[in-house]
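The structure under discussion appears below in the form of structure tokens.
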Amino acid sequence: MLIECENLVKTYRADAGIFTAVDRVNLAVNRGDFAVILGHSGSGKTTLLSLIGGLTRPDSGTVRIDGVDNWQQDDADLAIMRNRKIGFIFQFASLIPTLTVLENVLLPLSFASRPEGDRPYAMELLERVGLGGRQDDLPGRLSGGQQRRVAIARSFINRPEIILADEPTGDLDEATEKEILAIFHDFNKQGVTFLVVTHSRELAATQLNPRLFLMKNGTLSEMSSL
Ligand SMILES: Nc1ncnc2c1ncn2[C@@H]1O[C@H](COP(=O)(O)OP(=O)(O)O)[C@@H](O)[C@H]1O
Ligand SMILES: [Mg+2]
């Protein structure tokens, strides 16, 4: 089992008291799975992804990545796990505005003690997301959809085993969404495991034949079909 959540709970303090954003979630994702989580906004999808990625500490319950409990290791080991094993595609813009497109894609490598980077691979990834030739631009010169593609290229730079993607095609037109899904498909065929949060029925209905989950008021259940 590559990703395993057991009885995961995360609450937030709210005006009306304690609000349970993730409510006793169990999830088991195998290596090579393409898993899609659907659900209305506010249902807890982003919170769940950040728990799985070790960015947020749960109130209770466990997350194991490749058998290792996120919170039973020290901060340094957790950071290494995040950096080496997981590629994150965040819901909102996450590029550094003062770095070029290429530098943004290479950034995760500088935390992985490989500051020299992997320029040829970064260029290849930019080509694959349709941004060949834009490597020296600053993010501010790109459209929202193009910036999203840079973030997608960046998520693959460390050759992660897992991609955690939060509404990765949320602000893209339909044609671009199809291209991005094709890229995901390629990587999934090469064995990369995907956990993708989306509103998009399109994404959920791809030829990838994904496992489908529905998040509702913090609880997660697997669906057999849409
Ligand atoms: N940092 C936070 N502090 C307080 N409440 C939060 C915080 N983050 C999320 N929430 C609340 O938790 C619920 C789930 O949020 P979220 O995980 O972002 O859902 P989704 O991604 O499905 O839209 C929402 O009601 C949201 O307002
Ligand atoms: Mg969200």
Side-chain angles (χ1 to χ4, degrees), residues 3-29 33-65 70-71 75 78-79 82 86-95 139 143-152 154-156 160 162-174 176-177 180-181 184 193-206 208 210-223 225-226:
I3 304 172
E4 210 171 1
C5 302
E6 261 173 18
N7 244 337
L8 211 50
V9 174
K10 174 66 187 172
T11 59
Y12 293 115
R13 235 167 257 284
D15 293 339
I18 302 273
F19 177 81
T20 306
V22 168
D23 193 0
R24 289 164 293 171
V25 163
N26 293 294
L27 173 67
V29 176
D33 277 356
F34 196 101
V36 170
I37 300 178
L38 290 158
H40 293 303
S41 113
S43 59
K45 305 181 301 295
T46 296
T47 304
L48 178 61
L49 273 195
S50 78
L51 292 169
I52 291 171
L55 299 167
T56 299
R57 192 179 192 126
D59 295 7
S60 60
T62 54
V63 178
R64 280 190 294 275
I65 305 292
N70 273 355
W71 301 97
D75 287 354
L78 179 60
R82 274 200 303 259
I86 301 180
F88 291 93
I89 303 171
F90 295 102
Q91 186 168 10
F92 299 108
S94 57
L95 303 179
S143 71
Q146 289 171 327
Q147 291 182 32
R148 177 50 64 108
R149 293 171 191 232
V150 176
I152 289 169
R154 182 185 58 189
S155 74
F156 288 106
I162 301 168
I163 293 285
L164 298 180
D166 200 352
E167 310 271 5
T169 61
D171 45 10
L172 302 180
D173 57 79
E174 215 170 288
T176 308
E177 178 172 40
I180 297 298
L181 291 180
F184 284 6
T193 304
F194 282 78
L195 190 54
V196 182
V197 158
T198 185
H199 283 101
S200 166
R201 295 260 150 179
E202 172 95 33
L203 205 159
T206 60
L208 296 173
R211 288 178 66 190
L212 296 173
F213 295 88
L214 180 65
M215 193 123 198
K216 211 171 175 179
N217 298 326
T219 66
L220 188 75
S221 51
E222 185 158 11
M223 301 183 285
S225 62
L226 278 179

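First listed ligand is number 1; within each ligand, the first listed atom is number 1. Note that this is a predicted model, so its numbers are computed, not measured.
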Query - Expected output: side-chain K45 to main-chain G39 donor-acceptor under 3.5 Å - result: yes
**Report entry** Exercise: do T11 and D59 side chains pair donor with acceptor under 3.5 Å
**Finding:** yes
Query raised in the report: Any side-chain heavy atom of V196 sitting closer than 4.5 Å to one from F34?
Result: yes
Report task. Report, as yes or no, whether the 6.0 Å neighbourhood of atom CG on D173 holds more than 12 heavy atoms from other residues, nucleotides or ligands. Result -> yes
Query raised in the report: Are any non-hydrogen side-chain atoms of F194 and V36 less than 4.5 angstrom apart?
Result: no
Query raised in the report: Just wondering, are more than 12 heavy atoms of other shown residues or ligands nearer than 6.0 Å to CG in N217?
Result: no
Query raised in the report: Rounded to the nearest 0.5 Å, how far apart are CZ of R154 and CZ of F88?
Result: 11.0 Å
Query raised in the report: Who's touching ligand 1 if we go heavy atoms under 4.0 Å?
Result: Y12, F19, A21, H40, S41, G42, S43, G44, K45, T46, T47
Query raised in the report: Hey, which protein N/O/S atoms does the Mg ion (ligand 2) have under 2.8 Å?
Result: T46 OG1, Q91 OE1
Query raised in the report: How would you list all residue pairs meeting side-chain hydrogen bond (donor to acceptor under 3.5 Å, both in side chains) that involve residues 48-58, not counting sequence neighbours?
Result: S50-T56
Report summary line: Contacts satisfying side-chain hydrogen bond (donor to acceptor under 3.5 Å, both in side chains) that involve residues 13-25 (not counting sequence neighbours) are none
